[in-house]
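Read the structure below first, then the notes.
Lettering of chains follows the sequences in order, A, B, ..., and the numbering in each one begins at 1. These numbers come from a predicted model, not from an experiment.
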Amino acid sequence: MTESTSPKIAPSDQPPETITTPGTYDPATLEPRWRQLWDNAGLDHADIDESREGRFVLTMLPYPSGDLHIGHWYAMVPGDARARYLRMRGYNVMFPMGFDAFGLPAENAAIKHNINPRTWTLSNVERMRDQLKTMGAMFDWRREMVSCEPEYYRWTQWFFLQLFKGEQAYRKYSPVDWCPSCNTTLAREQVVGDDRRCERCGTPVIKRELEQWFFRTTDYAEELLDFSSIDWPERVKVLQENWIGRSEGAHVVFRTEQGDELPVFTTRPDTLWGATFMVLAPEHPLVESLTTDAQRPAIEEYIEQATRQTDVQRESADREKTGVFTGSYALNPVTGERIPIWIADYVLMTYGSGAIMAVPAHDQRDFEFARQFGLEIRIVIHPAGEDPPSADQLEEAAIGKGVMVNSGPLTGTASDVALGEVLDYLERESIGERAVNYRLRDWLISRQRYWGAPIPIIHCPNCGAVPVPEEDLPVELPLEVDWQPTGESPLKLHPTWSKATCPECGDEGTRETDTMDTFMCSSWYHLRYLSPRYDQGPFDPAEYDYWMPVSTYTGGIEHATMHLIYTRYFHKACRDLGILQGDEPMAQLRNQGIILGEDSEKMSKSRGNVVAPDELVGEYGTDTVRAFLMFFARWEQGGPWSSGGIEGCSRWLRRTWNLLTGEPSQKAGDASPQRLKELRRKVHQTVESITRDYERFEFNTTISSMMELLNEMSRAREAGAEGSEEWREAVSYYLRLLAPAAPYVAEELWQRTEAFENWSPAHSVHHQLWPEYDPEAAAEDEITLVIQVNGKVRDRIAVRAEISREDAQRLALASEAVGRYLDGEPRKVIYVPGRLVNIVP
RNA sequence: GCGAAAGUGGCGAAAUUGGUAUACGCGCUAGAUUUAGGAUCUAGUCCCGGAAACGGGGUGGGGGUUCGAGUCCCCCCUUUCGCACCA
């Protein structure tokens, strides 16, 4: 049985294969040979097959930075093992791979090495594709997409046009970080230091307003909060909820003394009578006209320094409040009082209306501001039955509940009804109305960059922003471009590219030179996998119907709020345009943890703790690296790498090899029926637990269960199990259970033990069915009954598994050990079938 | 500050979801084997006492629920992650 006959593994167009020497596990020759055989035979191709249920298994695509990192392996290998498991369960599994190929690093490389970003990117793609192939994953490379290829971004542009026509795209002025010396926009990572300087020339960065493109993600804020139809981690749902940031309250319209409307959003309309001043964001459009001449120098200076700061700096907590009085006043709409209007950087233009009513008695920030500048504090909510203190006595804002005081007609209203009463009052008096506000902003998709998908718009002096006709797509990036060391987009500098005729009136216009955010490319890449070369649309509807939605999506938690909100928005918006079906793109999401360096620090070149997968593959082989990545930590948690730990997985696979290729034991055939039954039990118990573990993404325990089974098989072999039907089943099951984790060695040993004459995909272990689990075979016929006295273990006795309650209790009470702790009749006896008897004295 | 998750041997970690705590692996100890080894095999390895049988203790700390708690509840400590002047 274990005698290894050399299988004739040679497809017609291959030279005869050298068979590895029996007795020696040599992944370095075995793995590439199988890879080639599989690739030649198209073993991992996934095509529509109506006889089987499809499963679209997706893992987040990499950015082609140049080298595949161990983190990529950690993200992809367990997902691959699970995809392989699903395929063996009989599903038709598609597991595609591609590259998120637009982005800033390619431009940096272009400037630094005077190389076109496309050349740089595609050579990285090629390198990483080869590295990905050593991973032993079941990627169907026919379905690969590369987002920087015109055949891909043609459809990214097409989607933009659909969203534009569906009124989801619009233009507005929005600030960017700008280097006045380089004369270019800077990305966040190009602004360095606390004093915010350009990373190239060191010039202090300023804000500049540019007209940019947005998508109306806020239209979908409410629907994006609904996760009821998807199985996503709680953690991600909470992150998205916080990101969307829904709050209920009221829009209240204040008026300036000059008569301008000054709307605010408040979650506490019940404190409206205590609004003693207003604060505007320094960027607020009314600041200019509200500023009096006397205040103008101070205001201008304040705006200057406030807008130089990052949002992060402005938002950093426990900073002393700063601000300047505009010199103007507004009228409190319920009291009619004049209240001063200030500006301060703690009010953000990007949230609400960019203006607040300040209620210093009941909001901590407003309280601190009022104390800082000597503004009036008026208590309007106070616990019933007490006299309100004077405002001077307050040490902090009173944010608690109480009864409304000093609140005109609503004085005396208790806080549990106040909100509703106040809202009714405001609506009745036409002062304000109920409103929901979101933290979520519309999605800014414009980038003043070369290396992205051009926004397919022509600006015409007569017709405005006109979409490029679909038949003219793609709007291709010019390849002959000049790079300024400043990083200014070559699209703006190009002599001819931006010249275009208006599709509507035929006059001369100019192309939009902004390109799209790369999150736009990654919002729909999963759809391109369906049919990467389809040219009648972004995807073939037949493929969509068969595969979508994505059944499992895996990737890092860091994408919880950006990519994963954008792709959900994108799907929903396209659904409403009739392009897609279903409410959600990804039915199930799971996140892997982070793999750290051996020193428990984040891996980085400067720390010198980077683990290179290529080196590991050279030393141990792909199967060992895969197994260890699955084994060493809980996948969703991650943890530090251990160079010693990988030896354990290496040993395990070598022991597997030796067990199944060695000479038969001299005791073969000696095993007792009872011993063989025990072997079979362990086999079936292992099938059960590994099946459960794959369903739950608990990859570490799939490997430890395999190790346990190997240990049991070694012992059974010593006892003479070889030659039996039970042994044959154990080997067959073992190799099929091994296949998802260690695909190469499992295939090699499968061919040997099955003794096929020739290899074909139908013979591949990867096209076998997952072992059937027989609960009867897995059931223990003898169990250890634990005898407890008062919850403490006092004895253990071996009994038949089907022992009756009466017998178990009788045996327990008869136990000598129990006698030592029990004085007289027990008060109570608890029996847990198959487990224990607990005697309460 | 708010939110989420976690805390178990020397280390990475298991624990069928309330029922024998520490499976599996690393490391370590002893032995076997080998020219040698960081190779392979066997045995041992939570702590204290004991030659052993056995006894006592034990899952960050404190309380609670329960016949029974690593697991559930409350309080505290620590760590990690996310969000943060959100009106």
Side-chain angles (χ1 to χ4, degrees), chain A residues 233-239 241-243 245-247 249 252 264-268 271 275 278-279 281 311-312 314-319 321 344-348 350-359 362-366 368-369 437-439 557-558 560-561 593-594 627-628 631-634 636-649 651-652 654-655 658 685 688-689 692 698 700-711 714 783-796 817 820 826-841:
Chain A
E234 205 52 41
R235 197 160 51 134
V236 174
K237 292 193 264 186
V238 169
L239 284 169
E241 275 164 12
N242 292 343
W243 192 260
R246 181 184 201 274
S247 41
V252 180
V264 300
F265 173 75
T266 175
T267 54
R268 292 294 303 274
T271 64
M278 296 188 77
V279 188
D311 283 357
V312 177
R314 275 174 62 166
E315 292 171 3
S316 74
D318 51 68
R319 224 164 40 114
K321 292 281 177 291
D345 61 8
Y346 80 92
V347 176
L348 307 175
T350 51
Y351 184 79
S353 63
I356 61 160
M357 65 175 213
V359 186
H362 305 292
D363 180 280
Q364 186 59 24
R365 295 154 300 171
D366 298 345
E368 287 167 19
F369 193 82
N437 193 57
Y438 301 94
R439 202 185 79 101
I557 187 80
E558 68 273 16
T561 49
I594 296 174
F628 185 60
F631 177 70
F632 88 101
R634 205 183 310 165
E636 303 202 351
Q637 190 177 286
W641 178 258
S642 158
S643 53
I646 195 172
E647 296 285 350
C649 286
R651 250 170 242 166
W652 164 54
R654 248 176 299 153
R655 290 184 61 214
N658 294 339
Q685 287 175 342
E688 186 195 17
S689 67
R692 190 180 55 231
E698 289 169 3
N700 52 345
T701 43
T702 65
I703 304 297
S704 47
S705 298
M706 288 301 295
M707 289 171 170
E708 280 187 59
L709 178 55
L710 178 71
N711 292 342
S714 295
I783 55 159
T784 303
L785 191 67
V786 171
I787 315 295
Q788 296 181 335
V789 177
N790 224 3
K792 286 203 192 310
V793 179
R794 294 303 178 188
D795 202 359
R796 297 180 173 92
R820 268 180 270 146
R827 204 149 50 85
K828 197 170 173 185
V829 179
I830 286 137
Y831 173 61
V832 182
R835 291 198 185 276
L836 58 76
V837 177
N838 187 16
I839 297 160
V840 188

TODO: Answer whether the closest heavy-atom distance between the side chains of V359(A) and T266(A) falls below 4.5 Å.
DONE: no
Task: Distance in angstrom units between E241(A) CD and rA84(B) C1', rounded - done: 17 Å
Open item on the list: Regarding V786(A), tell me which of base, sugar-phosphate or nothing describes its non-hydrogen contacts under 4.0 Å with the strands shown.
Closed with: base
Task: Short side-chain N/O contact to rG56(B) OP1/OP2 from R794(A), under 4.0 Å - done: yes
Open item on the list: Side chains of S705(A) and Q685(A), heavy atoms from C-beta outward: is any pair under 4.5 Å?
Closed with: no
TODO: Indicate, with a heavy-atom threshold strictly under 4.0 Å, whether T701(A) touches base, sugar-phosphate, or nothing.
DONE: sugar-phosphate
Open item on the list: Rounded to whole Å, how long is the line connecting atom CE of M357(A) with atom C1' of rC85(B)?
Closed with: 16 Å
Task: P gap between rA53(B) and rU45(B), integer Å - done: 11 Å
Open item on the list: If I pick the C1' atom on rG60(B) and the same atom on rC28(B), what distance separates them, to the nearest angstrom?
Closed with: 26 Å
Open item on the list: Any non-hydrogen side-chain atom of F628(A) less than 4.5 Å from a side-chain atom of I703(A)?
Closed with: no
Task: Distance, rounded to the nearest Å, where I646(A) contributes CD1 and rC11(B) contributes C1' - done: 17 Å
Task: Spacing between E708(A) atom CD and rU22(B) atom C1', to the nearest angstrom - done: 13 Å
Task: Nucleotide paired to rA4(B) in any strand shown, Watson-Crick or G-U, under 3.5 Å - done: rU80(B)
Open item on the list: Let's see if you can work this out: which of rG55(B), rA87(B), rG3(B) has an atom nearest to the side-chain heavy atoms of R820(A)?
Closed with: rG55(B)
- [ ] Using atom CD of E647(A) as one end and atom C1' of rU40(B) as the other, report the distance to the nearest whole Å.
- [x] 13 Å
Task: salt_bridge(K237(A), E234(A)) N-O dist < 4.0 Å - done: yes
- [ ] Any chance you could measure L836(A), atom CG, to R796(A), atom CZ, to the nearest 0.5 Å?
- [x] 11.0 Å
Open item on the list: Applying a 4.0 Å non-hydrogen cut-off, can you work out what V832(A) is touching in the nucleic acid: base, sugar-phosphate, or nothing?
Closed with: base
TODO: Send over the distance from Q685(A) CD to rA23(B) C1', rounded to a whole Å.
DONE: 13 Å
- [ ] Let me know, please, whether A633(A) or A355(A) comes out on the 5' side of the other along RNA chain B by nearest nucleotide.
- [x] A633(A)
- [ ] Give a yes/no answer on whether the side chain of R634(A) brings an N or O atom under 4.0 Å of OP1 or OP2 in rG12(B).
- [x] no
Task: Base partner of rC85(B), which must satisfy Watson-Crick or wobble distances under 3.5 Å - done: none
Task: Whole-angstrom distance between rA13(B) and rG63(B), as gauged at atom P - done: 29 Å
- [ ] Kindly indicate whether the side chain of R692(A), heavy atoms from C-beta on, has any atom under 4.5 Å from the side chain of T701(A).
- [x] no
Task: Any R827(A) side-chain N or O less than 4.0 Å from OP1/OP2 of rC67(B) - done: no
- [ ] Please work out if G638(A) contacts a base, only the sugar-phosphate, or nothing of the nucleic acid, heavy-atom cut-off 4.0 Å.
- [x] sugar-phosphate
- [ ] Using a 4.0 Å heavy-atom cut-off across all strands, classify L836(A) as base, sugar-phosphate, or nothing.
- [x] base
Task: N/O (side chain, N242(A)) to phosphate O (OP1/OP2, rA84(B)) under 4.0 Å - done: no
Task: Side chain of F631(A) - closest among rU40(B), rG12(B), rG68(B) - done: rG12(B)
Open item on the list: Considering every strand and a 4.0 Å limit on heavy-atom distances, what is the contact class for R246(A): base, sugar-phosphate, or nothing?
Closed with: nothing
Task: For rG58(B), the Watson-Crick or wobble counterpart (both distances under 3.5 Å) - done: none
TODO: Side chain of F265(A) only, please: which of rG19(B), rA21(B), rA87(B) is the nearest?
DONE: rA87(B)
Task: 5'-most by nearest nucleotide on RNA chain B - A817(A) or M707(A) - done: M707(A)
Task: R692(A) CZ - rA14(B) P separation (whole Å) - done: 14 Å
Task: Distance, P atom - from rU71(B) to rA15(B), rounded to whole angstrom - done: 15 Å
Open item on the list: Whether R651(A) contacts rC41(B) is assessed here as follows: a side-chain N or O lying under 4.0 Å from the phosphate OP1 or OP2. Is that the case?
Closed with: no
Open item on the list: I'd like the C1' distance from rA5(B) over to rU20(B), given in whole Å.
Closed with: 29 Å
- [ ] Give one of base, sugar-phosphate or nothing for F632(A), where a contact means two heavy atoms less than 4.0 Å apart.
- [x] sugar-phosphate
Task: Pair partner, rG50(B) [Watson-Crick or wobble, under 3.5 Å] - done: none
Open item on the list: Within 90° of 0 counts as syn, otherwise anti: where does rU79(B) fall?
Closed with: anti
Open item on the list: So N711(A), base contact, sugar-phosphate only, or nothing? Heavy-atom distance under 4.0 Å.
Closed with: sugar-phosphate
Open item on the list: Just N and O in the side chain of R365(A): are any of them under 4.0 Å from OP1 or OP2 of rC86(B)?
Closed with: yes
Task: For rC26(B), the Watson-Crick or wobble partner whose two distances fall under 3.5 Å - done: rG10(B)
Task: Whether F369(A) and Y346(A) hold their rings parallel, tilted or perpendicular, with breakpoints at 30° and 60° - done: tilted
TODO: Could you tell me whether the phosphate oxygens of rA84(B), OP1 or OP2, come under 4.0 Å of any side-chain nitrogen or oxygen in R439(A)?
DONE: yes
Open item on the list: Taking the P atom in each of rC75(B) and rC81(B), what is the distance between them to the nearest angstrom?
Closed with: 25 Å
Open item on the list: Nearest to the side chain of S704(A), heavy atoms from C-beta on, is which of rA23(B), rA87(B), rC67(B)?
Closed with: rA23(B)
Open item on the list: Is the phosphate of rA6(B) approached by R235(A) (side-chain N or O, under 4.0 Å from OP1 or OP2)?
Closed with: no
Open item on the list: Rounding to an integer number of Å, can you tell me how far I594(A) CD1 sits from rU80(B) C1'?
Closed with: 10 Å
Open item on the list: Syn if the chi torsion is within 90° of 0, anti otherwise; quick check, which is rG12(B)?
Closed with: anti
- [ ] Check V264(A) against A355(A) and note the closest heavy-atom contact, atom names and distance.
- [x] CG1-O, 3.6 Å
Open item on the list: Counting only side-chain nitrogens and oxygens, does Q637(A) get under 4.0 Å of the OP1 or OP2 atom of rA13(B)?
Closed with: yes
Task: Nearest-angstrom distance, P atom, rC41(B) to rC26(B) - done: 10 Å
- [ ] State, yes or no, whether a side-chain contact exists between L710(A) and R655(A) at a heavy-atom distance under 4.5 Å.
- [x] yes
- [ ] Could you please name the partner base of rG31(B), counting Watson-Crick and G-U wobble pairs only when both distances are under 3.5 Å?
- [x] rC41(B)
Open item on the list: Over all strands shown, is D363(A) touching base, sugar-phosphate only, or nothing at heavy-atom distances under 4.0 angstrom?
Closed with: nothing
Task: Which nucleotide in rU16(B), rC67(B), rA14(B) has an atom nearest any side-chain atom of I830(A) - done: rC67(B)
Task: Rounded distance in Å between the C1' positions of rC76(B) and rG7(B) - done: 14 Å
- [ ] Could you let me know what rA36(B) is paired to, Watson-Crick or G-U wobble, both distances under 3.5 Å, or none if it's on its own?
- [x] none
Open item on the list: So N437(A), base contact, sugar-phosphate only, or nothing? Heavy-atom distance under 4.0 Å.
Closed with: nothing
Open item on the list: For a quick check of understanding: with a heavy-atom distance under 4.0 Å over all strands, which category does F369(A) fall into, base, sugar-phosphate or nothing?
Closed with: nothing
- [ ] Side-chain contact test, heavy atoms from C-beta onward, threshold under 4.5 Å: evaluate it for N437(A) versus Y351(A) and give yes or no.
- [x] yes
